[in-house]
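Everything numeric here is computed off the predicted structure, so don't read it as measured data. Each chain gets a letter, A, B and so on, in the order the sequences are listed, and its residues count up from 1.
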Amino acid sequence: MTVATYEERLLARCRGFGGWLCKLLVILLGRRKGGDDCVYIPERVINRPDPCLYSQFLLMQLGLPVTWDNPDVALFLNGVEQYTYDLVVDTEYDVVVTVHNSSRRKPALGTGVDIAWIEFGAGAQIRHPITTLGANVPIWPGTTNVTTKWRTPASPGHYCIEVQLSHPDDGNPSNNRGWNNTQVKQAASEVRNPVRIWNRWPDGCPPIAQGGDEVVWPRVLVGYGLFGFLAGPWLARVILPQVGFGEDLASVGIGWVWGAALGFIAESIRATVGRRRSRNRDGREEPPCNVVELALDSYRFEDGKGKDVEPHKMFAARPPAWPARLEPATFAFGPAEAYRDVLLIVDAPDDPGPPEVFNVNARQGGMATGGISVVINRKQA
Amino acid sequence: MSGCDTQPESPGDDGAWKGDIAKWALGGAGLAGLLAYLNIADAVGLATLSGGAAAVALAAVVVAILAGAVVGGFIGYAVEWFKRLKVQSPSSITISALIECAGRNTGGIPPFADGDWTFNAAPEWAVTAPAGSGLTIEEVRTRAAPGSGLPQAYRTFDPDNPSKPQVFHVEISSQIGNFGAVGSAIGSVAGAIAGAIIGAAACAAVAALTLGLGIALCALFIALGALIGAAVGGLAGAAIGAGIGWIADQFGDFNKLGESVEQGCQMFLTGRWVTDINHQHNEIHDLTAAVLVECGVTGSSSSGLQLAGAVGTGRHPGGRDP
């Protein structure tokens with residue numbers, strides 16, 4: 001037999017018609033449990049479900065290394081796991097997504113799982129939907145696998161799988177998007193692999209709405225306008241030899257229009273000055289939105305779960321395993337330039353050995369836009 | 001228990017709200033002074049008053065100015081309360097940060113305490129959503145919101161911590177502040193009217209005096225009644241409003257299934273990104289969602305952001321005593 005908690009008993013008592021009155025009496029008269037008020041966060045804010053998956057975009061925002069071989073997204077052909085590289089055209093694959101829930105209190109019931117494919121490379125924005133599925137994810141450490149069939153496009157190419165989670169009561173919206181974007185190359189004395197970098201803003205930088213840039217209309221219409229409204233009749237008496245009811249009425253209207261017009265000019269000057277000061281403010285070091293910065297490493301994600309996971313080891317940076325570089329590693333998109341191909345150049349050892357991975361991570365205007373993981377196989381011993 | 005305080009770096013003005021309310025008080029004072037002067041002048045003619053009657057009439061105008069300032073101040077407080085937060089674009093952000101201070105603005109009624117839950121977030125910190133915005137913590141702290149009228153928002157530090165660390169303020173609104181602000185405005189207006197009526201009733205007591213002095217005293221009683229009524233009504237309205245707000249808070253969290261948070265906890269914090277023009281800094285207000293990553297982060301072999309990465313990808317148990 002289960003024993004009802006204090007909260008369950010309260011809820012049972014205060015249901016149905018008149019429930020609000022019951023709650024009011026309990027609030028005013030009852031003895032209620034609660035944490036220390038100074039640090040207690042109400043339930044509506046904390047302890048929400050948090051469906052999540054391995055999200056490179058979250059990890060890059062946190063300044064942590066990433067792999068684009070997503071441990072939570074797998075592609076199978078006849079039961080054999082595949083890279084997203086060199087897929088067979090017009091062929092049906094199985095896509096399996098593992099959805100986690102970081103909450104230990106609330107299951108993430110009804111989580112939306114949007115699966116799409118996008119162009120290979122980094123920064124591509126056009127999504128081609130594969131399917132939208134639902135997942136009921138239990139509390140941590142439970143996970144749910146969602147599976148779908150995907151027929152590859154008829155044209156040959158390399159594809160990236162994108163997964164986007166959604167939940168109406170999500171406690172953390174920043175860990176819902178993950179990519180699986182891999183490529184495999186055979187080792188050579190110098191591997192030269194083109195990587196396509198897509199322009200996030202081919203139409204130019206998006207405008208930034210910020211302070212000091214707006215005409216405050218209530219101030220124009222009510223503030224300055226009212227000043228003109230009151231000043232109008234007084235000025236009419238100064239200017240005109242005789243003022244009747246009609247002149248008074250007209251002077252009020254004209255005064256308001258003039259007051260508002262003067263106010264608009266004053267507000268426009270204030271807004272322009274403020275805008276200039278906003279742009280030049282101290283400490284702002286924002287990279288232009290067309291500048292792309294690429295980073296290269298050989299980080300490997302060692303998956304694990306639970307108390308034994310040591311985050312400082314899980315996210316330990318690992319520099320390129322072999323001599324490697326990107327050409328160019330930094331560049332600026334020209335106007336209306338859709339993409340640019342950069343070269344990943346790796347000087348792989350000739351002797352046999354285990355494969356290595358090279359992660360290319362892209363940022364445009366300081367924003368994480370994507371990346372790929374290139375696996376380079378060496379000769380077998 | 002007091003909430004978490006912040007101080008903007010120079011030239012930011014933490015007390016900008018005082019100037020805004022002072023303008024309202026000044027406006028109220030001017031209107032009330034004019035009203036008192038015109039009424040006394042109309043009733044008796046100031047030029048005809050002399051000696052004690054003139055002094056009493058002057059006192060009545062001064063008291064009326066004070067009453068107007070009190071009413072204007074309370075109305076201004078309510079108006080400024082609801083227009084102080086200017087929403088940014090994007091309106092909602094998520095950060096991961098270490099809690100440097102957690103507290104609640106309790107220990108009084110509005111305007112002295114608003115009941116808000118307050119936090120100061122500190123490094124290690126990062127903006128994690130929206131990922132496509134390119135926002136950094138520096139930008140989140142210093143970009144002024146549209147309509148704020150500020151060229152920039154000013155970085156804040158915690159003045160109560162001896163080392164004065166850089167912080168980013170986060171709040172959850174309590175209904176105590178909202179109801180208290182409305183209650184204080186209604187209370188001060190109602191109190192001023194009631195006080196003036198009581199003052200007018202007291203006129204009967206001086207009806208036997210000579211006309212000039214009688215009218216001057218009558219005006220003084222009305223002004224005094226309005227002043228006392230406005231002050232008492234404003235505070236009483238704030239107290240009643242705070243009480244209603246407290247009950248509303250209790251309804252909003254009836255089950256008490258929340259969680260306690262303290263200094264040294266790493267969290268994900270999601271909410272509305274705003275510029276608070278009353279204090280000229282940026283903050284998250286209201287906090288709409290929070291995920292407790294881990295407490296006691298300082299001294300751990302993993303950094304706060306590494307722990308956030310592990311919890312955020314579902315690899316590590318979050319919260320207290322994992």
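Looking at heavy atoms from C-beta onward, B/Q306 lies in side-chain contact with A/L64 at the 4.5 angstrom threshold. Side-chain contact between B/I172 and A/R44: present, with at least one pair of heavy atoms (C-beta onward) separated by less than 4.5 Å. When side chains are defined from C-beta on, A/I41 does not count as touching B/S260, because their heavy atoms never get closer than 4.5 Å. With a 4.5 Å cut-off on side-chain heavy atoms, B/T94 and A/N172 count as touching. For the pair B/S302/A/F315, no side-chain contact is recorded, criterion being any heavy-atom separation below 4.5 Å from C-beta on. At least one side-chain heavy atom of B/F268 sits less than 4.5 Å from a side-chain heavy atom of A/L58.
For a residue to count as touching a neighbouring chain, one of its non-hydrogen atoms must lie under 4.5 Å from one of that chain's; by this rule A/W201 touches chain B with the side chain only. No part of A/N101 comes within reach of chain B, as not one of its non-hydrogen atoms sits under 4.5 angstrom from that chain. With a 4.5 Å cut-off on non-hydrogen atoms, A/R200 touches chain B through its side chain but not through its backbone. If you measure heavy-atom distances from B/I99 to chain A, you find no contacts under 4.5 Å at all. When heavy atoms are compared at a cutoff of 4.5 Å, B/T128 approaches chain A by way of both its backbone and its side chain. With a 4.5 angstrom heavy-atom cutoff, A/H312 touches chain B via backbone and side-chain atoms both. Only the backbone of A/D170 has a heavy atom closer than 4.5 Å to any heavy atom of chain B. In this structure, no portion of B/S303 lies under 4.5 Å from any heavy atom of chain A.
Residue A/W140 comes nearest to B/G314 through the heavy atom pair NE1-O, 3.1 Å, listed as atom of the first residue, atom of the second, then distance. When all heavy atoms are compared, the tightest approach of A/R48 to B/T288 is NH2-O, 2.8 Å. Scanning both residues, A/G171 and B/A289, for their nearest heavy atoms gives O-CB, 3.5 Å.
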Show, in sequence, the C-alpha distance, side-chain angles and deciding distance for A/R105 and B/E259, and conclude whether the side chain to side chain contact (heavy atoms under 4.5 Å, CB included) test is met. CA-CA 11 Å; A/R105 297 270 187 95; B/E259 201 158 340; 3.8 Å; yes

Carefully, step by step, assess A/C52 and B/T313 under the rule side chain to side chain contact (heavy atoms under 4.5 Å, CB included). CA-CA 6 Å; A/C52 57; B/T313 52; 5.8 Å; no

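When each of A/G366, A/G178, A/P173 is checked for heavy-atom pairs under 4.5 Å with chain B, A/P173 comes out on top. Between chain B and the residues A/G306, A/S102, A/S55, the largest count of heavy-atom pairs under 4.5 Å involves A/G306. In terms of heavy-atom pairs under 4.5 Å with chain B, the best-connected choice from A/V99, A/N175, A/N176, A/T369 is A/N175. Comparing B/S301, B/G304, B/G271 by heavy-atom pairs within less than 4.5 Å of chain A, the highest count is held by B/S301. Chain A forms the most heavy-atom pairs under 4.5 Å with one residue out of B/P130, B/S89, B/S148, B/G149, and that residue is B/G149.
For residues 268-292 of chain B, no pair satisfies salt bridge (Lys or Arg N to Asp or Glu O under 4.0 Å), with sequence neighbours left out.
Rounding to the nearest 0.5 angstrom, the gap separating the CD atom in A/Q61 from the CG atom in B/L305 is 11.0 Å. For the atom pair B/M267 CE and A/I46 CD1, the distance stands at 4.0 Å (nearest 0.5 Å). The OG atom of A/S174 sits 11.0 Å away from the CD1 atom of B/I93 when rounded to the nearest 0.5 Å.
A salt bridge links B/R315 to A/D72: at least one charged side-chain nitrogen sits closer than 4.0 Å to a carboxylate oxygen.
In this structure A/N361 satisfies the side chain to side chain donor-acceptor pair (under 3.5 Å) test together with A/W68, sequence neighbours excluded.
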